[in-house]
Amino acid sequence: MATQQRQIVVSDGIDCHAKHADKNIVKMMRRALTKNNLADQIELVRAGCLSLCEFEPVVIVYPEGIVYSHVTASDVEAIVKEHLVAGTPVERLIAPENELRSERIPAIDNIPFFKDQVRIALRNCGMIDPENIDEYIAVQGYKALAKVLTTMTPDQVIDEMKKSGLRGRGGGGFPTGNKWEFAAKQDNTVKYMICNGDEGDPGAFMDRSVLESDPHSVLEAMTIGGYAIGSHQGFIYVRAEYPVAVERLQLAIEQARTYGLLGDNILGTGFAFDIDIRLGAGAFVCGEETALINSIEGKRGMPNPKPPFPAVSGLWGKPTVINNVETLASIPPIFLRGADWFSSIGTERSKGTKVFALGGNINHTGLVEVPMGTTLRQVIFDIGGGIPKGKKFKAVQTGGPSGGCITEEFLDTPIEYDTLIKLGSMMGSGGMIIMDEDTCMVDVARFYLDFTKDESCGKCSPCRIGTVRLLEILEKITMGKGTMDDLDALRNLGEQIKVASLCGLGQTAPNPVLSTLNYFYDEYVAHVVEKRCPAGVCKSLVHYEIDAQACKGCGVCAKNCPVEAITGEIKSAHLIDDDLCIRCGTCADVCNFDAVATH
Amino acid sequence: MGQVELRTEKETCCGGLERRERVLKAIERHRHVRGALIPVLHDIQDMFGYLPEEALTLVSEQMQIAMAEIYGVATFYSFFSLEPKGEHVIRVCLGTACYVKGSQAVLDKLSEQLAIPVGKTTPDGKFTLEAMRCLGACGLAPVLAIEDHVHGKLLPDDATKILDLYR
């Protein structure tokens, strides 16, 4: 075989599947390479998600590291002919929007989106073929496991974990080393190691990305954990909504068994450990440890009171450690490069890096991994590229349904577990939804409560009944029927639900309401007193009006109005009958002159 | 009721010998798995698109689990359905990223186009319209999924075009 001089990486996450990147681009690329007699000289890798969602499908050409974004079928031919054959990068195909470019033809490491990132958990995502264990091994995969099994005692492994300062990335932020230590101390021959891949926060997708793009790193870390606590059986609990992740995990487990990296005698050391997959079935509460355990046992996913903690009595009453996907993916590098290296990244109380899923009204949606202590402003504006269409930043929501909204004045806060809690939000699993001036904060609170009300398991009444009551009040306000007493009621009720609920779901469910009440009180008051939605989102409070100056009298709005609420002569200003109007917004959408205003 | 009859005719569950065999096989496959109820329910839903009562009765007998408990589990998880679904299940993501980018309007438009409320199936059994919580494709918000196929960056007017693909 000829020496391969170049490598082409095609990203292949679910987002890319949606755009047909998957087999089509890979297939076309392979065909084009063969046609040009390059198939032997260039390695084609179908890699996982590079998390540059906004720009995918992405094709990267190494060794230069040149990134082609939004690659279409016709582009493939051009890339092969002009870049690979003739040797000139196809400038017109490199991020045409100019958003990824800091220089004329940037290499991947110089792209603003990647420049400020430190990728530990995502180190292999988009870089290797997730369906090929050899590619993982080639990037030092399973080397940490070999080191642990052959040179360290379980106690030393736990000490190293404690020294690294790694805290749980799923939301709780509990130190991973301590968790392992509790379970290790239990005198029991049967213990379990569980990977929590029940990524429930709507807006977070880093776990999916890791499981789809680098499944072996999770298997390796679970095996290390199993050795440390004395467990021989692991379970990965993953959402049924992630079929690609499930498929690749299954494949990865089979490959690891074949290679002797899972099974009865791992790497010939005599240590036995195996992993099974369990599918979730769509219940947010199953992200809570004890609820997840009940679900694996085949029961309804309802939480139990703690103590006893799972590390003492968990799955089938045995000591159990539950670690989140991102936490696990961070572990192999800790053993390869040392706890001191890891703890040198980040801040005093939050070590290492954290992955955030940037979404909502932001230019670069995707996953970013930054050192703890990076400010919100850096993440949103430097890496995320700011707010699209020149709109104004209004708030960033972190922590999903358990978190809160943070305003402009706090954007320079370094991101840490504790600072976010102080701001009335939380790290959560790392969802970061950016909201611009067109977002109504009362509606956002209502949205989250609608979610937690649905997802409350019903076991304890503060959560079961309280979330419904909170939602009812919020709906009343968005309908323009709220009173000032309702605002007090929201606050009182919210505080009580927080202290009285059984598990994390209820204890944090009021956060979206309380934090928006705190930072956007004026907006609530506008809904209640003036019966006005400043952002123009709450339909009952929105009124459409045609600006007589801007209206050209073309009649398009009247023609499209489904309820014939618009009248007017051609070439003269039209008028909307507010009583007939159903506030569908069609007139504003179809107007070519921006003459329809909402207020 | 149209779609129920249509389904029953097409997918007779455990009265049909072959289908009964398949359910039994699914149970057998998990015979030695602890906490096998949920994996078995997943398999059955994969086969029929929902959990037919006759199949659950069979599970109850074979696995020695009370019907009440099975019903409790089946109704707790939003992924399981006790009602037959349409030929195509349209799931519109109402995760935060999609919601902020206007997925509610897409869902409303689909509901209007199909003339069914969210959660229901068209009388011809062709489409079921559902709202779902985060597909994890936030980079493409707003998105919807039909079977395993994701459509992203939607505007309400795309609803008609997408429906046409499946009509």
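The structure presented is a predicted model; accordingly, all values stated were derived computationally and were not measured. Letters go in sequence order (proteins before strands), and every chain restarts at 1.
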* Have Glu87(B) and Tyr166(B) got a donor and an acceptor in their side chains that come within less than 3.5 Å? ->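 Their side chains do not contain a donor-acceptor pair, so the 3.5 Å distance test is not met.
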* **Asp443(A) and Tyr99(B) side chains, donor-acceptor separation under 3.5 Å** =>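 Yes, Asp443(A) and Tyr99(B) have a side-chain donor paired with an acceptor closer than 3.5 Å.
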Between [X] and [Y], does any side-chain N to carboxylate O distance fall below 4.0 Å?
{"X": "Glu28(B)", "Y": "Arg31(B)", "answer": "yes"}
{"X": "Lys85(B)", "Y": "Glu130(B)", "answer": "yes"}
{"X": "Asp164(B)", "Y": "Arg167(B)", "answer": "yes"}

Heavy-atom cut-off 4.5 Å, strictly under: side chain, backbone, both or neither for [X] against chain B?
{"X": "Cys286(A)", "result": "side chain"}
{"X": "Ile296(A)", "result": "backbone"}
{"X": "Ile434(A)", "result": "backbone"}
{"X": "Ala357(A)", "result": "neither"}
{"X": "Phe284(A)", "result": "neither"}
{"X": "Asp589(A)", "result": "neither"}
{"X": "Gln397(A)", "result": "neither"}
{"X": "Val285(A)", "result": "side chain"}
{"X": "Ser295(A)", "result": "both"}

I need the residue from [options] with the largest number of non-hydrogen atom pairs under 4.5 Å to chain B.
{"options": "Gly359(A), Ala283(A), Gly360(A)", "value": "Gly360(A)"}
{"options": "Gly431(A), Gly366(A), Gly301(A), Gly458(A)", "value": "Gly301(A)"}
{"options": "Glu199(A), Met206(A), Lys299(A)", "value": "Lys299(A)"}

* Validate the cation-pi geometry between Arg239(A) and Tyr242(A): distance from NZ or CZ to the six-membered ring centre under 6.0 Å, angle to the ring axis within 45°. =>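 Yes; both conditions hold, so Arg239(A) lies above the ring face of Tyr242(A).
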* Taking His151(B) as the fixed residue, which of Leu140(B), Asp158(B), Val143(B), Leu165(B) is the one that meets the side chain to side chain contact (heavy atoms under 4.5 Å, CB included) rule? ->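 Result: among Leu140(B), Asp158(B), Val143(B), Leu165(B), Leu165(B) is the only option passing the side chain to side chain contact (heavy atoms under 4.5 Å, CB included) with His151(B).
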* Pairwise distance CD(Glu326(A)) to CG(Leu367(A)) - rounded to 0.5 angstrom ->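 Interatomic distance, Glu326(A) CD to Leu367(A) CG, rounded to 0.5 Å: 9.0 Å.
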* **chain A interface, residue from Thr96(B), Ile70(B), Ile65(B) that has the most non-hydrogen pairs under 4.5 Å** =>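 Answer, by heavy-atom pair count under 4.5 Å with chain A: Thr96(B).
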* Select, from Val33(B), Asp108(B), Ile38(B), the one with the greatest count of heavy-atom pairs under 4.5 Å involving chain A. =>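 Among Val33(B), Asp108(B), Ile38(B), the one with the most close pairs to chain A is Ile38(B).
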* Heavy-atom pair with the smallest gap, counting every atom of Val59(B) and Ile27(B) ->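 Val59(B) and Ile27(B) have their closest heavy atoms at CA-CD1, 3.9 Å.
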* Tell me, side chain or backbone of Asp157(B) under 4.5 Å from chain A's heavy atoms, or both, or neither? ->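 No part of Asp157(B) comes within 4.5 Å of chain A.
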* Begin with the C-alpha distance, continue with both residues' side-chain angles, and end with the deciding distance and a verdict on side chain to side chain contact (heavy atoms under 4.5 Å, CB included) for Arg300(A) and Cys457(A). => CA-CA 9 Å; Arg300(A) 298 207 260 175; Cys457(A) 79; over 6 Å; no
